[in-house]
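Below is one structure, written out as structure tokens; the observations come after it.
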Amino acid sequence: MRDVTLAIAGSGGDGVITAGDFIVQAAARKGLNAFMLKSYGPQIRGGESSARIRISDRPLYSQGDFVDFLVVFSWKDLARFLDEIKLRKGAVVLYDEADKTPPEEFPIDAELGAELIPVPFKKMAAEEIKVPLTKNMVALGVIAELLHLPLDAIKDAVIKKFGKRKPEAAEVNIHAIDLGKKWVNDNLPKGTQIVLEAEGTDEPKLVMTGDDAVAFGALHAGVKVFAGYPITPASPILEFLSKWLPNFGGTVVQTEDEIAAISYAIGASWAGRQAMTASSGPGIALKQEALGLAGIAEIPLVVVNVQRVGPSTGIPSKSEQADLYQAVGGTPGDIPRVVLAPSDVEDNFQVAIEAFYLAEKYQIPVIILSDQFLGERSETIDEKVLFARKRVISRQLAKLNGGEYKRYKLTDTGVSPMTIPGMRGGQYITSGLEHLEDGRPTSSGTIHQVMSEKRARKLHLIAEESGFVRTYGDPEAELAILAWGSSKGAVREAVEAAAEQGLKVKAIVPQLIYPLPEKVLDEALQGVKRAVVIELSYGAQFYRFLRAYYDGLPAETYSYARGGANPLLVSEVLEQIQKYAQEA
Amino acid sequence: MRDVTLAIAGSGGDGVITAGDFIVQAAARKGLNAFMLKSYGPQIRGGESSARIRISDRPLYSQGDFVDFLVVFSWKDLARFLDEIKLRKGAVVLYDEADKTPPEEFPIDAELGAELIPVPFKKMAAEEIKVPLTKNMVALGVIAELLHLPLDAIKDAVIKKFGKRKPEAAEVNIHAIDLGKKWVNDNLPKGTQIVLEAEGTDEPKLVMTGDDAVAFGALHAGVKVFAGYPITPASPILEFLSKWLPNFGGTVVQTEDEIAAISYAIGASWAGRQAMTASSGPGIALKQEALGLAGIAEIPLVVVNVQRVGPSTGIPSKSEQADLYQAVGGTPGDIPRVVLAPSDVEDNFQVAIEAFYLAEKYQIPVIILSDQFLGERSETIDEKVLFARKRVISRQLAKLNGGEYKRYKLTDTGVSPMTIPGMRGGQYITSGLEHLEDGRPTSSGTIHQVMSEKRARKLHLIAEESGFVRTYGDPEAELAILAWGSSKGAVREAVEAAAEQGLKVKAIVPQLIYPLPEKVLDEALQGVKRAVVIELSYGAQFYRFLRAYYDGLPAETYSYARGGANPLLVSEVLEQIQKYAQEA
Amino acid sequence: MEPVKLTAKDYKTSVPIVWCPGCGDFGVLNAMHQAAAELAIPPENLMVVSGIGCSSRIGGYVNAFGFNTIHGRALPIASGAKLARPEMTVWAAGGDGDGYSIGTNHFVHTIRRNSDLTYIVMDNNIYGLTKGQVSPTTPHGDVTKSTPMGNPDRPLNPLALALELGATFIAQGFSGNVKHLRDLIVQGTRHKGFALINVKSPCVTFRGRQEFTVVREHGVYLDESHDPSDWNQAHEVTQWSEKIPLGVIYKIEGVPTLDQVAADLQEKAREKQHFESTKDLLRIFH
Amino acid sequence: MEPVKLTAKDYKTSVPIVWCPGCGDFGVLNAMHQAAAELAIPPENLMVVSGIGCSSRIGGYVNAFGFNTIHGRALPIASGAKLARPEMTVWAAGGDGDGYSIGTNHFVHTIRRNSDLTYIVMDNNIYGLTKGQVSPTTPHGDVTKSTPMGNPDRPLNPLALALELGATFIAQGFSGNVKHLRDLIVQGTRHKGFALINVKSPCVTFRGRQEFTVVREHGVYLDESHDPSDWNQAHEVTQWSEKIPLGVIYKIEGVPTLDQVAADLQEKAREKQHFESTKDLLRIFH
Ligand SMILES: Cc1ncc(C[n+]2csc(CCOP(=O)(O)OP(=O)(O)O)c2C)c(N)n1
Ligand SMILES: Cc1ncc(C[n+]2csc(CCOP(=O)(O)OP(=O)(O)O)c2C)c(N)n1
Ligand code: SF4
Ligand code: SF4
Ligand SMILES: [Mg+2]
Ligand SMILES: [Mg+2]
């Protein structure tokens with residue numbers, strides 16, 4: 001196999017995620033591609049958790065629909081993840097023999113013909129290593145041996161983690177890994193192995209989560225003030241920047257609430273420094289009023305929304321794509337804003353840079369619509385692609401020539417000269433009131449119209465910025481899948497699978513959602529007769545948004561939309577393609 | 001003339017609004033129809049203000065595009081209202097001779113051929129009445145005499161206002177009115193009069209503003225807790241209920257902010273009492289998070305948004321229809337909600353009742369999208385029509401039979417049995433988390449989907465409730481105007497004017513915006529070949545909303561959309577009709 | 001119906017409790033169950049309104065009308081509920097983040113209105129549910145996930161703040177002493193007015209088990225020498241820096257509550273206006 | 001460039017002032033113009049951040065970088081600005097509704113962080129801009145548009161609240177005494193840390209001209225007998241019920257400010273981490 005998906009399920013204390021992290025890091029060191037999803041129950045410590053890792057030497061776009069290889073510490077814990085962990089036919093399942101659940105009660109469909117192998121994980125850890133907590137490391141050894149994962153790289157990762165601080169811990173863990181390896185060789189016939197035949201390159205890869213990537217991208221783009229308030233699944237952005245931003249001369253403030261957070265960012269940007277805030281649905285809702293201020297006052301601002309399942313508290317630890325309406329229309333009045341959607345971990349980094357680029361160039365608030373599925377997953381990333389796009393810009397300052405300075409001067413582009421404190425003669429009033437060119441408030445409808453037009457002109461230019469639409473698949477296809485954000489992964493894979501089945505289909509995934517890059521979409525849709533809009537939103541928000549804003553949809557446009565929590569499957573998309581595609 | 005529009009412009013101290021109020025009240029007493037718009041500059045006291053009153057014995061739907069009769073206390077103040085006050089050709093203009101502006105500087109278009117009459121308002125008040133403040137009353141006498149307004153009714157109104165508390169004040173004012181009347185007879189030739197030939201009925205009418213009407217409607221529907229935070233132009237709702245709700249066993253709380261306001265209302269409704277909150281754009285933005293809670297927890301709730309010009313602080317004292325997106329999609333996730341739009345003052349009353357009806361029947365948050373143009377204007381209303389619709393209902397309580405109680409039971413209608421505190425055995429958990437039928441939290445995607453479907457089923461039923469679409473004009477027309485909310489007035493009048501010009505057109509105005517009553521719209525649009533969607537939103541929110549949600553739009557559907565502040569004119573709509581209508 | 005003796009068990013629910021093993025909030029929950037039994041409140045007459053946080057899950061763990069609302073809004077939602085149904089008992093509950101960070105505005109103004117709630121704050125000096133960020137009561141200098149180089153802020157003193165704001169009942173409890181806490185909840189519930197019960201309720205996962213020891217070692221139970229009706233004494237107690245006061249710190253009676261004020265106003269309005277029906281009210285529009 | 005002597009006039013703008021004739025806020029504006037001149041802050045180095053309200057219009061009336069923001073958010077916006085540009089002077093301004101009602105959460109936590117702002121609150125005990133509703137500082141029993149039968153709530157005491165929260169500079173001024181107020185603003189601006197200046201600034205339209213008389217009659221200027229570094233004395237002064245204290249009530253130096261803490265942290269981080277570029281940071285992902 002060149003492409004393996006494995007999952008480990010257990011309780012918090014079982015070290016499931018740690019084991020998964022080591023596997024991903026090992027893969028990265030070997031230049032392999034890896035993709036890991038973590039999943040937790042509602043309990044903070046000691047509850048059920050699972051890690052799901054896919055490894056390949058081919059590019060990976062999704063978590064993989066089916067699991068080839070499953071490690072179960074406790075059947076009860078596994079039972080909580082049945083929505084998420086579907087086994088492939090003939091999968092290998094290793095379970096801790098210490099769990100006394102009778103086989104007929106295993107929550108596994110007998111028809112799958114899975115190979116069930118009891119392993120004394122707990123026993124080996126307790127009796128041979130004398131450290132029950134190393135159960136996960138024993139399992140790691142077993143997994144590595146069965147899959148032919150690079151054991152040296154795994155050990156390197158372990159050593160790096162405990163590093164200089166705890167050399168004994170590293171030793172114990174490595175011992176446990178070796179024990180697991182040995183157990184396989186001593187106990188299992190050779191044929192049990194699912195050998196991963198992927199060949200790594202010599203180029204080690206980076207391992208990053210989407211939240212880290214967006215934070216890192218912001219840092220690279222020059223963010224100087226980040227203000228946030230903790231919320232799942234956006235807190236890692238706050239935590240990343242708390243740790244690393246000060247070194248780069250910036251400051252992080254954990255504010256009293258989300259309103260204060262966006263307010264700090266607005267104040268900082270108005271004063272002349274690049275600023276960002278991040279949250280998830282409920283917190284983003286609280287920011288809407290201030291967002292309108294940034295819109296009418298034309299203050300550059302980046303707001304990250306790591307979407308989770310809504311409405312309200314919803315399912316905080318799961319993903320959904322149902323905050324699109326809020327991004328496009330959550331603020332009263334007609335406010336100019338930009339909505340960008342990253343579609344994988346690396347894209348989170350790139351989109352953060354683009355967000356600052358657009359925010360600063362057009363003096364406009366930019367919303368990044370990430371989601372839990374992007375934010376919390378880990379992916380291996382090629383270092384070289386990371387800094388490839390070069391759109392890092394700083395504040396574009398007005399040139400003052402002693403004449404009367406008009407902050408909101410009517411211009412062809414809609415972008416007006418901006419000053420910041422310290423620029424002599426650059427003083428002006430900023431306000432959320434409708435205003436004249438010099439910033440003074442007005443209640444004239446005529447001026448309101450002119451200023452609305454001015455602000456909207458920026459959107460026309462932004463829609464024409466290049467590089468914001470990705471297409472995959474057969475350029476000649478009559479069927480197009482339209483998708484956005486994190487749905488891209490499953491869609492791209494489905495399109496490739498469809499091609500293998502001889503089905504002609506292309507996928508179109510805009511990175512810029514608002515304003516829509518209409519011309520590029522028009523081109524991408526040339527020759528397309530049927531389209532299916534695919535998304536994880538019960539209300540089909542993207543489908544409706546396209547209907548509302550885009551004139552170029554094929555007459556035959558269908559919607560495939562469902563609520564979130566469970567990530568989109570390749571097979572779901574493929575089913576849609578099969579339904580509507582012509583044969584090649 | 002059977003239909004006169006008059007305007008009075010001056011400074012705050014001039015008593016312009018008071019004079020206007022007396023005219024409207026007098027009209028109401030005589031059973032005439034009146035319609036009054038007030039307009040203020042940004043200064044709270046002493047700034048410019050204007051009253052614009054239209055009177056007729058025919059039904060009035062709008063403010064009237066042109067002013068027939070203008071009273072100017074100060075030309076400088078008038079100049080601030082030129083966006084709003086357009087004179088009809090040959091209009092009569094009375095101005096205070098105390099204002100020494102040279103005639104060539106009068107801000108009046110010479111081509112209109114207005115008849116300019118200097119009047120010693122200030123002088124008569126100061127010298128003859130010895131109370132300079134009665135200038136407005138002198139003017140009232142002049143106006144009444146020139147227009148043949150019912151002087152007795154005006155005097156009654158004055159007496160009522162000062163009533164028993166200040167009989168001397170009433171006397172002085174009546175004296176001033178008589179003086180004004182006498183001045184006309186002594187000084188002006190008979191032909192100057194613009195006689196209002198409207199015959200009043202014997203049925204006195206009520207005078208109400210839209211904000212009062214929505215508050216009164218809520219009171220009639222049984223609201224028991226109202227929580228609000230002041231904001232222009234919604235504060236009168238808070239003030240009305242502060243005054244009158246306690247008598248009906250209810251309570252008003254002015255909370256610390258808008259979030260607390262909606263929270264109080266949610267708590268009260270959850271505990272079993274009908275509850276409401278009201279605000280305008282910025283405050284409604286702050287309520288979005290809590291609104292999502294009411295949505296997923298299925299708590300009946302009424303939220304009034306008296307829209308003003310946005311984005312952000314915008315133009316607080318002017319109207320716009322640009323919070324539609326926020327109403328439909330301002331909350332993260334796919335939340336079920338209802339959006340109702342009243343279209344005139346009486347409708348504000350009716351819609352409040354409908355809002356509680358839908359909220360309680362379907363356990364859903366209902367947003368009323370009023371606007372400043374509706375909220376702050378006064379209209380005469382026929383008492384008999386007020387209580388005609390009968391959809392007042394109270395909380396629909398579950399019948400407990402001792403079995404297991406499931407608050408969120410999956411039902412065909414999507415409506416589940418609801419209990420309130422005090423009902424033994426009716427305890428359950430409410431939360432903003434996705435939940436099982438009994439309210440316990442879950443993070444299952446499968447259940448999220450099922451519950452999303454359940455909540456959405458209610459919307460299908462609501463869309464089929466009767467009485468939510470109004471149509472005007474020629475049922476056979478091939479051209480339809482689609483409009484919503486306060487735009488109705490100008491649209492309806494334009495449709496009538498078009499008919500007089502032999503143009504075939506109909507207007508369709510849904511009162512229920514979300515979910516759209518699709519079947520009734522389909523019927524209304526039968527035979528329609530072209531449609532124009534007309535609204536006061538720079539971003540054409542209603543047009544886009546219809547595209548997104550409604551499949552029945554004619555292929556040829558146009559958008560006429562502009563930003564607010566200036567109310568929609570009949571002539572603007574007529575122009576659109578002329579552009580697209582076929583001749584009769 | 002004949003009265004049945006209620007016990008703590010009658011207030012338990014079947015909702016699975018998802019706190020970490022050893023979490024301080026278990027003690028608070030037990031105290032609430034016991035207090036409800038002692039007060040003999042029929043479960044259907046009890047409302048428990050919480051915000052969002054580990055602690056706020058408690059809204060689902062009491063057999064009552066429980067409402068696990070949104071982050072920071074427990075107090076206004078609970079106040080609305082009490083206003084609507086003054087005959088019911090309303091407990092509000094939540095964490096230090098919920099009450100003293102995002103919810104501070106409501107904390108201040110709920111106290112000012114003397115809304116008749118018992119507000120139980122499980123103060124663990126950390127954001128538990130979001131996995132360990134700094135809270136307004138985290139000690140200065142402590143490393144948390146969002147203050148990797150130490151908390152730069154000075155902690156808020158909720159007891160002193162409540163006192164300054166005119167709270168009519170202020171107490172502090174410890175989740176390691178359920179009986180004492182139960183008594184505080186009973187007293188707070190019987191108190192007519194806003195009752196703040198700040199509970200030292202350690203987060204063992206993000207601040208460690210030693211937090212229990214800290215309270216055990218530094219906790220001082222207020223005895224008769226403390227007069228809770230004396231503002232100055234109370235103030236001094238709230239300013240202790242080494243010792244942790246436990247017990248009723250301040251208490252005054254007779255300040256009108258939000259719902260009483262509302263009832264009085266209704267009576268006054270009826271006397272003055274006596275409208276019988278909304279039709280009567282039409283006269284104001286003539 | 002040669003230094004030019006700045007006068008109050010240099011801080012005026014051409015923005016039309018829309019306050020009612022006689023409004024207290026005129027006095028505050030004059031005091032601000034004079035204070036800026038006295039402090040000789042170049043206009044381009046001054047930021048004036050206000051919320052929304054009659055008083056908050058002041059953000060547009062000073063020749064500076066003025067920001068008339070949104071209701072209740074002046075403090076966090078001003079704090080963000082100061083954090084971004086610590087070399088600039090930042091004044092925050094607003095009304096009692098803006099600061100003590102919708103903005104309370106920020107008031108509390110801005111004080112806690114000792115954000116280096118001078119916060120001038122034009123306290124008129126009413127909501128002016130929205131035409132006369134009750135505010136958190138409206139006296140109990142007063143009739144307002146939203147309390148037609150009298151304000152049922154007890155007013156908030158912002159001075160006492162700030163003191164309890166650890167504010168490092170607390171003063172009260174009167175818009176009827178521009179010179180005194182100017183001095184307070186000068187002192188507040190020179191103070192390194194959060195400086196609250198609550199200004200009795202009557203709303204003549206909704207509370208009448210007699211409000212000026214009330215302050216004139218009951219105002220007591222603090223003299224040398226008052227030691228502003230003494231917390232207990234300061235506390236006593238904030239509790240006066242008949243008299244209205246005017247002057248600097250409390251003041252301590254040396255508490256680190258938000259921007260200082262941030263600068264220290266940056267230095268510490270650079271010492272410890274010394275990443276030269278974001279490329280360097282890649283190593284954390286290996
Ligand atoms: C509006 C909003 N912001 C943020 C969050 C995320 N959040 C959930 S609980 C919590 C704080 C938890 O701390 P605390 O209130 O002290 O409760 P604990 O978990 O410590 O008991 C936060 C920030 C949210 N749910 N909603
Ligand atoms: C979010 C929001 N809520 C409400 C308002 C309406 N509003 C404008 S100013 C104001 C209060 C004014 O009172 P205060 O802050 O005391 O200022 P003053 O006018 O008295 O100087 C309110 C409620 C608003 N603009 N935005
Ligand atoms: S994280 Fe802390 S507060 Fe939350 S349940 Fe665990 S121990 Fe308790
Ligand atoms: S309403 Fe009051 S606060 Fe506002 S400008 Fe007039 S006097 Fe000043
Ligand atoms: Mg906590
Ligand atoms: Mg005020």
Side-chain angles (χ1 to χ4, degrees), chain A residues 25 28-29 160 204 206-208 212 216 219-220 224-225 227 244-251 253 255-257 259-273 275 289-290 292-293 297 381 383 386-387 419-433 439-441, chain D residues 1 13-16 42-47 49 52 57 59-60 63-85 87-88 90 105-106 108-110 112-113 258-259 262-263 265-270 272-275 278-279 281-282 284-286:
Chain A
Q25 278 158 25
R29 271 158 199 263
K160 195 193 162 204
L206 310 168
V207 179
M208 230 178 255
D212 283 357
F216 183 33
L219 214 159
H220 185 63
K224 283 290 170 293
V225 173
W244 307 118
L245 184 52
N247 174 93
F248 295 90
T251 299
V253 186
T255 50
E256 54 273 27
D257 64 13
I259 303 175
I262 189 170
S263 298
Y264 267 78
I266 287 174
S269 178
W270 168 73
R273 298 270 180 262
E289 192 210 353
L293 174 64
I381 290 178
E383 177 169 335
L386 217 51
F387 295 118
T419 57
I420 60 171
M423 289 174 71
R424 181 164 297 184
Q427 303 94 283
Y428 65 98
I429 333 180
T430 311
S431 90
L433 288 152
R440 277 185 297 156
Chain D
M1 236 172 273
T13 68
S14 64
V15 179
E44 67 273 17
N45 292 354
L46 176 63
M47 294 188 248
V49 180
I52 290 287
R57 292 190 189 267
N63 176 16
F65 280 82
F67 196 170
N68 190 180
T69 68
I70 46 178
H71 192 43
R73 318 302 169 195
L75 287 180
I77 292 178
S79 296
K82 178 72 185 178
L83 204 50
R85 306 292 301 280
E87 71 278 22
M88 303 284 156
V90 185
N105 194 6
H106 312 309
V108 170
H109 292 280
T110 305
R112 201 159 69 81
R113 292 189 197 106
L258 177 59
D259 60 293
L265 214 67
Q266 288 169 11
E267 204 170 308
K268 237 165 71 182
R270 274 196 217 96
K272 212 176 122 184
Q273 301 171 341
H274 39 250
F275 294 109
T278 43
K279 218 164 172 151
L281 195 59
L282 283 178
I284 68 169
F285 297 111
H286 276 298

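Convention: sequence-line order gives letters A, B, ...; per-chain numbering from 1.
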What residue in [options] has the most heavy-atom pairs under 4.5 Å with chain D?
options	value
A:Ala260, A:Gly432, A:Gly439	A:Ala260
A:Gly250, A:Gly425, A:Gly272, A:Ala227	A:Gly250
A:Glu383, A:Gln25, A:Arg29, A:Lys224	A:Glu383
A:Ile259, A:Leu386, A:Ile381, A:Ile266	A:Ile259

Which residue out of [options] racks up the most heavy-atom pairs below 4.5 Å with chain A?
options	result
D:Lys279, D:Arg113, D:Lys272, D:Met47	D:Arg113
D:Asn105, D:Leu265, D:Asn45	D:Asn105
D:Pro42, D:Ser79, D:Ala78	D:Ser79
D:Glu87, D:Arg57, D:His106	D:His106

[X], part contacting chain D, at a heavy-atom distance under 4.5 Å:
X	answer
A:Ile262	neither
A:Glu289	both
A:Thr255	both
A:Ala290	both

Can a donor-acceptor pair be found, under 3.5 Å and without considering hydrogens, that links the side chain of [X] to the backbone of [Y]?
X	Y	value
D:Arg85	A:Pro421	yes
A:Arg273	D:Ala84	yes
D:Glu44	A:Gln427	no
D:Lys268	A:Pro246	no

4.5 Å side-chain heavy-atom contact, [X] and [Y]:
X	Y	value
A:Asp212	D:Phe285	yes
D:Val108	A:Glu256	no
A:Asn247	D:Gln266	no

Checklist entry - Under 30°, 30 to 60°, or over 60°: which ring-plane class applies to D:Phe65 and A:Tyr428, parallel, tilted or perpendicular? => result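 If you compare the ring of D:Phe65 with that of A:Tyr428, the planes turn out perpendicular.
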
